[in-house]
There are 2 protein chains.
Amino acid sequence: MVSLDEVARTAGVSSATVSRALSGRGHVSPATRDRVLEAAEQLGYVVSSAASSLASGRSRSIGVMTPDLHRWFFNSVLTGISDTLTRAGFDLTLYNVTSDPQLRHEIFRAFLQRRRVDGVIVLALELDDWEAEQLKQLDLPVIVLGGALQDLPSMSVNDQGLIRLAAEHLLSLGHRNIGYIGGDQAFDADYHVPTQRREGFSEALRDFGVEPHVQLSRAADFTIAGGYQVAKQLFGSPAAAMTGLVAASDEMAIGALLAAKDLGVQVPHQVSVVGVDGHELGELFGLTTVDQHPVGQGRTAAEHILGRVEGRGNGDVELPFELVVRSTSAAPSQAVDGSP
Amino acid sequence: MVSLDEVARTAGVSSATVSRALSGRGHVSPATRDRVLEAAEQLGYVVSSAASSLASGRSRSIGVMTPDLHRWFFNSVLTGISDTLTRAGFDLTLYNVTSDPQLRHEIFRAFLQRRRVDGVIVLALELDDWEAEQLKQLDLPVIVLGGALQDLPSMSVNDQGLIRLAAEHLLSLGHRNIGYIGGDQAFDADYHVPTQRREGFSEALRDFGVEPHVQLSRAADFTIAGGYQVAKQLFGSPAAAMTGLVAASDEMAIGALLAAKDLGVQVPHQVSVVGVDGHELGELFGLTTVDQHPVGQGRTAAEHILGRVEGRGNGDVELPFELVVRSTSAAPSQAVDGSP
DNA sequence: ATGGCTTATGCAAGCGCTTCCATGTAGGGT
DNA sequence: ACCCTACATGGAAGCGCTTGCATAAGCCAT
């Protein structure tokens, strides 16, 4: 291990100057800087993160707390975060918050307190009071992505707008009997998003003078399998002449498409299906969706937290989303109207 | 921030004793230990990782290098690793090695050299000589999971055995014209696995006296979309009376199932499909597969690296896998024999 | 010229732990 | 009783950086 002192000796300057030359803090003459950089390069010097952290109080690492890595949305956001942090020379410390309460507790108690990180990005987790308190006590830049949280700063796509866009797409195509697959109460306890989305859906319908049918609404766990299961119920029961279906995630929408296929329900001829997220599989299934660019969200969140770590203030950001019309949505075959 | 000294003062002992009591290294009387633990608890003391790392040379953190987080296999393994590390009180530093050569280079050059980690787990990445060299020069415990690498220690499921089990399942059901979806050359450059699997497939067939048809073999990128695409070709061409299909990943197998559905090919009536991995979606599709328990692999790899970090030697481990028969495989409807 | 600035550099004090070494104490074998 | 060993604890020296302060040197305006 080459130390800073060796570099200093080689370059013929003091260790303080080497530190300044390499970190860019303080004044160093161009000539000296070049000499230092050359010496460092030649010796293969790499700063010791522990020593640097201890002395400076900065670790050049960001903690990311994420739920279920299997979920495409989360691993997409994580990809975006990772990309941006790596480019900025920051490490990413991953805290995979599982449902195991003991592990979860441990993460909040010990891990975060270790001050290994300069900032924390929390992904779409619903935190209880104690957990939020721990986070606040860190006195570090924290940002919650996907779901406003108590009084922690958050960055969130407009979830109501997102689902509203999906619903309005179907409504403007002429659909009136529109089913909905969202999350349930238990699920909402862990993730923030579901409630917002359900409300956005209902409001969009009411704006069009349509009262959402309770019997056309189902709860699932945001996965393909979950969507498949409840979609089967929805398609199976002739409760109403449902011509459109909005799913609060693309995974559930894909599950619904699979269910439709299995039941012989024609999409979009009999039922139009719209999802939300922008899942990579959407293209394969021709799924109409509202893309919320999760990788971009990750990048944005990372940039934001880096900005705050480095002392730049950082205004609020609107996270963009857009309707992507593919082949699972079309006007209903015959005019069907929900109102009597 | 509560320091160790404060704990020492509160407990009425020296800082050396506090350090020993909390870390478990060295001798401390039970009475003293209790007093220290109590003081630490009461003050909410958490060790400063930077100071601890600097002084001890240990960081209680493991680096994980992984490719594409979207791939189910990788995020599953990552979940297993994360789980085990968290339980052991270790942090996980994630290096998402993308295809961007510059980022990739940077990860190997600067990040790893920073010595933020006590050990490294490399997930199924094919490394070039320089990268492997960098890894070796770290002089840290390293383990490559999924794909032997130069002379770095590796832990690998028996890939040939894995695919052989899948093939033999079809063969023993009576299939002889069996298609194969694997990876291509370009793909193999990044991931190690594909070549092994293809060979295992061919050998299994030859053991049954069947010569693999070249025209029944296709390359894809291990994703659902990729599997879908090539399966369509395979099902579309009447090249041979293919009655069985082995895919080198469950994702590709699922793609094949979707293709079959779209083309009206009956599974398993006309074609049996078998995958490899144990993908969570397998159940939904009724996919027969060889489950290699990726979460368990992650756990095992993490335990192994922790063992080496803590100085325990660690013998080789066999990673288990098992055939899971579901509904996409059955005996061929009429006896079809590939040999004349 | 002279004072006042800005810039360049070095000195040295930490940052908060871990651990070597020394010292002290208490059993245990003979 | 006595020596030896094992255990318990404290003192203090770092670990390898960063940074406040001091000094020196150059430059401009007066």
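Every chain is numbered from 1, with letters handed out A, B, ... down the list of sequences.
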(request) List the atom of A:Leu4, the atom of A:Tyr45, and the distance in Å for their closest heavy-atom pair. (result) N-CE1, 3.4 Å

(message) Does a side-chain N or O of B:Ser56 approach OP1 or OP2 of C:dT18 to a distance below 4.0 Å, or not?
(response) no

(message) Regarding A:Thr17 and A:Ser14, do their side chains bring together a donor and an acceptor under 3.5 Å, going by distance alone?
(response) yes

(request) Send over the distance from A:Arg60 CZ to D:dC17 P, rounded to a whole Å. (result) 15 Å

(message) What is the distance, to the nearest angstrom, from the CG atom on A:Asp118 to the C1' atom on D:dT18?
(response) 14 Å

(request) Output yes when A:Arg104 and A:Glu131 qualify as a salt bridge under the 4.0 Å nitrogen-oxygen rule, no when they do not. (result) yes

(message) What I want to find out is whether A:Asp118 reaches A:Arg60 closely enough, with some N-O distance under 4.0 Å, to be called a salt bridge.
(response) no

Which atoms of nucleotides 10-12 of chain C (N or O only) lie under 3.5 Å from a protein N or O atom, and what are those distances?
residue: C:dG10; atom: OP1; partner: A:Ser14; partner atom: N; Å: 3.4
residue: C:dG10; atom: OP2; partner: A:Ser14; partner atom: N; Å: 2.7
residue: C:dG10; atom: OP2; partner: A:Ser14; partner atom: OG; Å: 2.8
residue: C:dG10; atom: OP2; partner: A:Thr17; partner atom: OG1; Å: 2.6
residue: C:dG10; atom: N7; partner: A:Arg20; partner atom: NH2; Å: 2.8
residue: C:dG10; atom: O6; partner: A:Arg20; partner atom: NH1; Å: 3.4

(message) Any residue in residues 4-11 of chain A with a heavy atom nearer than 4.0 angstrom to DNA chain D? Just list them by number, or reply none.
(response) A:Leu4

Distance-only donor-acceptor hits, side chain of residues 37-44 of chain A, under 3.5 Å, sequence neighbours excluded:
none

(request) In plain terms, say whether B:Arg114 and A:Asp91 are close enough for a salt bridge, that is, a side-chain N and a carboxylate O under 4.0 Å apart. (result) yes

(message) Using every non-hydrogen atom in the two residues, find where B:Val157 and B:Phe321 come nearest and quote the distance to one decimal.
(response) CG2-CD2, 3.6 Å

(message) Please give me the minimum heavy-atom distance between A:Leu54 and B:Ala51, naming the atom from each residue.
(response) CD1-CB, 3.7 Å

(message) Looking at A:Arg87 and B:Asp100, is any side-chain nitrogen of the basic one under 4.0 Å from a carboxylate oxygen of the acidic one?
(response) yes

(message) If you take any heavy atom closer than 4.0 Å to DNA chain C, which residues from residues 37-55 of chain A end up in contact?
(response) A:Leu54, A:Ala55

(request) Return the value, rounded to whole Å, for the distance between atom CZ of A:Arg114 and atom P of C:dG16. (result) 17 Å

Would you tabulate the side-chain donor-acceptor contacts of residues 19-36 of chain B under 3.5 Å, counting partners in other chains and residues two or more places apart, or write 'none'?
residue: B:Ser23; atom: OG; partner: B:Ser19; partner atom: O; Å: 2.9
residue: B:Ser23; atom: OG; partner: B:Arg25; partner atom: N; Å: 3.2
residue: B:Ser29; atom: OG; partner: B:Thr32; partner atom: N; Å: 3.3
residue: B:Ser29; atom: OG; partner: B:Thr32; partner atom: OG1; Å: 2.7
residue: B:Arg35; atom: NH1; partner: B:Ala11; partner atom: O; Å: 2.6

(request) Using a cut-off of 6.0 Å, state whether more than 12 heavy atoms not belonging to A:Glu318 lie near its atom CD. (result) no

(request) Pick base, sugar-phosphate or nothing for B:Arg58, based on heavy-atom distances below 4.0 Å to the nucleic acid. (result) sugar-phosphate

(message) Between the side chains of A:Arg9 and A:Asp5, is the shortest nitrogen-to-carboxylate-oxygen separation below 4.0 Å, so that they form an ion pair?
(response) no

(request) Would you mind telling me which of A:Ile143, A:Leu78, A:Val77, A:Val142 makes a side chain to side chain contact (heavy atoms under 4.5 Å, CB included) with A:Ile121? (result) A:Ile143

(request) Please work out which residues in residues 25-32 of chain B have a non-hydrogen atom less than 4.0 Å from an atom of DNA chain C and list them by number. (result) B:Arg25

